[in-house]
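Structure first, then comments.
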Amino acid sequence: MPELPKAYTPRDVEGAIYERWLAADVFAPDGAGSTADPTLEPFTIIQPPPNITGSLHLGHAQRTAVEDLMIRHARMRGHRALFLPGLDHASIAAQFVLDGILAKEGESRQSLGRERYLERMHEFVARTREVMLAQQRRVGASADWGRLRYTMDEGSANAVRVAFTRLYEKDLAYRTEALVNWCPGCQTSVSDLEVVATPETGTLWTIRYHLIDPATRAPEPEATISIATTRPETILGDTAVAVHPDDPRYAAFVGRLVRIPFVERDVPIIADEVVDRAFGSGAVKITPGHDHDDHATGLRHGLPAPTILADDGTIAGTGTRFDGLDRFAARAAIVAALEASGDLVKAEPHEMVVGRCQRSNDIIEPRLKTQWFIRTRPLAARALEATRSGATRILPERFEKTWEHWLTDIRDWNVSRQLWWGHRIPAWYCPDGHVTVSSEIDGPVACATCGRPATELQQDPDIFDTWFSSGLWPFSTLGWPDPTPDYATYYPTSVMETGYDIIFFWVARMMMLGIELTGTEPFHTVYLSGLIRDPLGQKMSKTKGNVVDPLGAIDASGADALRFAVIHGATPGNDQRFGPAKPEQARNFANKLWNATRYVVGARPTSIPAGAERRLPDERHLGPAERWLLSRATATTAAVDTAVAGYAFGELTRVLYRAIWSEYCDWGLELAKVRLSDQDLPVEVREATWWALVEVLDTYLRLLHPVMPFITEVLWATLPHRASDPDLLIVARWPGVGERDPEVERAVGTLIDLVTEIRNARASARLPAADWLETLVFVPPSLGPTFEALRPAIERLARARPLRRELTPEALTAATTPGDLAIIVGGGEIEVAVRVGRPDTTSVELDRDRLEHELAEAEGYLVVVRERLANDAFVSRAPAPVVEGARAREAELDDQVAKLRDRLGL
RNA sequence: GGGCGAUUGGCUCAGUCGGUUAGAGCGCACGGUUCACAUCCGUGAGGUCACUGGUUCGAAUCCAGUAUCGCCCACCA
């Protein structure tokens with residue numbers, strides 16, 4: 001058995017332990033070191049593959065901790081537990097980062113060209129990849145590195161091609177010209193989800209358009225119609241003016257033409273119910289090429305939809321002097337020109353919502369493009385069915401409402417991106433405009449429609465939205481579309497864990513694509529974590545500079561502490577604030593556990609050889625303290641099981657923290673010390689005590705292992721093991737729940753109170769901490785044997801010796817002398833008189849204060865419980881056990897009050 | 001405009017099915033070098049559970065409403 005260093009230094013243990021796990025090949029469910037039971041169902045966890053763009057942040061560390069907790073628990077339960085690690089190529093995010101790097105070098109995407117740009121990208125991700133994998137290991141992820149996957153590897157690429165082809169064949173993917181969200185900064189379209197609605201104060205300009213005189217076909221100087229707009233530059237794309245059909249103000253205008261300035265185009269005034277009569281002037285300009293509403297209106301009325309913007313956001317193709325100007329410069333120039341011509345009626349501040357690019361923060365421009373879309377409605381319907389039927393459960397449940405809402409109103413998903421880094425869309429176009437979609441790695445041999453050879457076909461230059469490949473993750477990583485053994489064994493998966501912020505981006509897409517392509521829900525449970533915020537509750541972001549580096553926290557307090565801290569603070573779906581105090585608390589806990597183990601290992605009776613095989617404590621030699629410890633361990637195991645079953649991982653840490661620190665260390669070890677150090681006791685008794693300590697500590701190390709894997713592994717190695725135990729805790733078996741002993745728990749619990757009360761009296765009376773107190777005590781016969789068995793321990797812990805036991809309350813009263821401190825424990829069950837050597841007035845007064853305080857408290861509670869019992873409705877309608885409980889409580893308080901009053905001479 | 005969440009000691013948070021005296025950590029006060037641990041030990045103080053009303057024998061917990069903060073969704077120019 002390895003020696004334990006005196007001081008706990010996380011850094012020294014963690015790296016070495018990880019290497020041991022790797023060497024033992026225990027992470028893979030089918031690894032050489034696995035102890036999984038193949039007859040049990042496999043357990044697979046789906047982790048969001050982190051973006052390969054830089055380094056892990058604290059949120060990743062938290063995710064990893066929770067995922068690893070689940071996988072380690074399942075592994076110890078004997079399931080084939082698969083934690084498949086991965087990385088996401090993060091197409092647009094990666095390009096954004098790389099473009100930033102290139103900009104500093106004076107280069108750009110355009111200056112390099114597609115090929116060289118992609119080379120740079122491969123170099124970049126090769127570096128970040130290693131950093132990120134190392135970080136995951138540092139956190140302790142027991143992932144199966146042999147199955148590591150990447151969304152840009154050949155398996156993913158194949159899955160993407162096959163998935164898209166199948167969707168296309170079922171008409172679930174289609175190509176069409178539509179208004180897409182165009183980001184002039186990123187020079188690509190983005191999906192609706194990537195447009196962030198930002199409230200801003202803009203300007204609402206009111207502008208006069210001149211009506212056309214039907215006779216002269218020239219604009220009339222005086223007859224005008226006023227329209228309101230927040231984007232005057234779109235005037236250049238106007239093809240109509242609309243009014244409400246029932247608006248009497250404009251009834252006479254409908255059907256007439258107006259002249260659009262600058263482009264000098266005459267367009268009709270149309271009637272359409274889309275117009276809000278109350279807004280602005282009640283007349284609205286229609287720009288079908290650059291506005292979603294207007295586009296729909298344009299379709300209803302057969303209006304042309306000219307595009308007036310180039311990809312870079314400059315005005316183009318209008319034939320006006322504004323061509324070539326940036327959209328915002330053009331806006332200013334147009335406003336100035338209108339003002340000069342007298343057609344600008346007014347300009348007023350206006351609260352509005354602007355769509356900005358999630359990535360670059362540029363203002364998104366709707367514009368027409370021919371692109372690929374996924375028909376989401378039928379897919380969404382099946383995803384909804386899965387959650388409604390319970391086939392897939394979302395935790396916490398309240399997110400099902402959000403889920404329902406989004407999937408019910410879902411719009412088709414634009415998957416084309418005009419970027420370079422990503423999976424190329426496997427669609428080829430022939431000169432005649434035929435479309436051929438192929439899942440073949442080398443593309444089609446010929447046009448599917450007219451048979452033109454591949455050499456005459458052009459592949460779509462676009463790539464897929466990065467979430468398209470992520471959406472295939474649960475099955476593409478297991479070999480799909482091939483019927484591999486992994487796919488057969490581990491799919492559908494068990495739990496998918498992620499932050500609630502990507503429920504639509506990712507979870508919904510996996511569900512939709514998974515059900516469609518594999519015919520089954522990709523996982524049975526969606527566990528949504530909250531986000532980590534800084535101590536002030538702000539979202540962590542690089543620009544704010546409040547990002548906590550998980551490695552910094554690990555360096556300071558250890559990976560175990562970081563894991564404990566983030567799991568401790570986590571309630572599913574709720575955000576948590578994170579400051580340095582949390583890992584410190586967890587580190588202290590680890591330190592406590594370390595020292596407790598050191599004590600236990602060092603307290604081994606010499607009659608037990610160092611390498612002894614593990615034995616259960618001999619029942620016949622167990623004292624109440626040992627029975628209490630064993631019973632509490634069973635209670636703790638049950639509580640931990642309940643917490644795990646309910647995904648209440650924060651609760652799990654609290655249960656263990658309390659069990660280990662407040663019970664095992666504070667009382668269990670302290671009670672045991674007395675027996676272990678008493679050389680007069682038979683050796684069998686001391687051995688039984690020690691084996692009980694070992695048994696319970698072993699249980700707690702197992703229970704804590706999924707949360708704090710490193711330290712538990714190290715400590716466990718120093719304990720004697722059973723022949724059936726594996727070498728490593730990581731593959732050891734999860735503890736079973738045994739029988740509790742309520743009698744012992746109650747009795748020992750009361751005696752613990754006794755010790756606490758004596759300490760309290762000592763502190764209140766300001767008696768020196770080091771003094772031994774001479775004490776008389778009455779304990780009822782029911783507690784007698786337990787008391788006698790624990791008397792030496794109680795004496796030592798209360799520092800009260802001799803602790804003279806009186807056999808009746810009367811005897812105690814008779815033996816009490818004036819000046820003794822009085823203590824009433826457990827509702828009057830136990831009474832104590834503490835003899836103060838030289839009763840000085842101060843201590844007597846202080847003690848009186850304490851008793852009066854206790855009396856007031858007890859009387860307060862007594863009033864409450866009596867009122868309740870005086871209520872006939874309560875007595876007759878509350879369940880019997882509750883009423884009985886109240887009665888017992890009343891009797892107890894009554895007794896306590898009487899005794900306290902007696903002691904106070906009242 | 002819809003929807004969701006939060007509001008519990010000074011701070012950060014738990015609190016399952018409504019049921020004895022609402023818990024923890026940090027902080028605070030007082031006291032401690034007893035051979036596992038000062039990253040510690042002991043004792044204690046501190047809460048009308050945001051507010052209003054309701055349901056109930058009984059509400060931090062369920063219902064309705066209000067307030068404050070936060071988030072998500074949403075094509076009013």
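Below, read A as the first sequence line, B as the second, and so on, with proteins coming before strands; counting in each chain starts at 1.
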Check every strand shown and say whether Thr571(A) touches a base, only sugar-phosphate, or nothing at a heavy-atom separation below 4.0 Å. sugar-phosphate

At 4.0 Å (heavy atoms only), tell me whether Asp276(A) reaches a base, stays on the sugar-phosphate, or touches nothing. base

How long is the line joining CZ of Arg850(A) and C1' of rG42(B), in whole Å? 15 Å

Is Arg11(A) atom CZ crowded by more than 12 heavy atoms from other residues, nucleotides or ligands, each under 6.0 Å away? no

Can a salt bridge be assigned to the pair Arg762(A) and Asp771(A) using a cut-off of 4.0 Å between side-chain N and carboxylate O? no

Within the 4.0 Å heavy-atom criterion, would you say Tyr657(A) contacts the bases, only the backbone, or no part of the nucleic acid? sugar-phosphate

Separation of rA14(B) C1' from Gln576(A) CD (nearest whole Å): 13 Å

Reckon Arg658(A) touches a base, only the sugar-phosphate, or nothing at all at heavy-atom distances under 4.0 Å? nothing

Between Trp772(A) and Arg796(A), what is the shortest heavy-atom contact and its length? CH2-CA, 4.2 Å

For Lys582(A) and for Trp667(A), locate the closest nucleotide of RNA chain B by heavy-atom distance; then report the residue assigned to the nucleotide nearer the 5' terminus. Lys582(A)

In whole angstrom, what separates Glu397(A)'s CD from rU16(B)'s P? 14 Å

Base, sugar-phosphate, or nothing: which does Arg889(A) touch, judged by heavy atoms less than 4.0 Å apart? base

Does a donor on one side chain and an acceptor on the other come within less than 3.5 Å for Asn871(A) and Arg868(A)? no

Which part of the nucleic acid does His290(A) contact within heavy-atom distance under 4.0 Å: base, sugar-phosphate only, or nothing? nothing

So if I take every side-chain heavy atom of Asn871(A) and compare against rC76(B), rC57(B), rG3(B), which nucleotide ends up nearest? rC57(B)

Considering only rU12(B), rA77(B), rG19(B), which nucleotide approaches the side chain of Ala228(A) most closely? rA77(B)

I want to verify a distance call: between rC4(B), rU43(B), rC71(B), whose nearest atom is closest to the Tyr500(A) side chain? rC71(B)

For Asn588(A) and Tyr8(A), does a side-chain donor sit closer than 3.5 Å to a side-chain acceptor? no

Pair Asn181(A)-Ser189(A), side-chain donor/acceptor within less than 3.5 Å: no

Any side-chain donor paired with an acceptor under 3.5 Å for Thr387(A) and Trp403(A)? yes

In whole angstrom, give the distance that lies between atom CG of Asn574(A) and atom P of rG70(B). 17 Å

Nearest-Å distance for atom pair CD/P, residues Glu584(A) and rU39(B): 11 Å

Winner on side-chain proximity to Val864(A), out of rG19(B), rG5(B), rU21(B), is rU21(B)

May I ask you to say whether Glu892(A) pairs ionically with Arg889(A), meaning some side-chain N is under 4.0 Å from a carboxylate O? yes

Here the distance between atom P of rU39(B) and atom CD1 of Ile711(A), to the nearest Å, is 16 Å

Between rU43(B) (P) and Ile752(A) (CD1): distance, integer Å: 11 Å

If you look at every strand shown and take non-hydrogen atoms under 4.0 Å, does Ala878(A) touch a base, only sugar-phosphate, or nothing? base

Annotated protein contacts, base or backbone, on nucleotides 30-38 of chain B with a non-hydrogen cut-off under 4.0 Å, one of B, S, - each: -S----BB-

Have a look at Pro881(A) and say if it touches a base, only the backbone sugar-phosphate, or nothing, with a 4.0 Å heavy-atom cut-off. nothing

Rounded to whole Å, CD of Glu663(A) lies from C1' of rA24(B) at a distance of 14 Å

Can you tell me how far C1' in rU55(B) sits from the matching atom in rG10(B), rounded to whole Å? 36 Å

Looking at rA14(B), rC71(B), rA77(B), which one has an atom nearest to any side-chain atom of Arg654(A)? rA14(B)

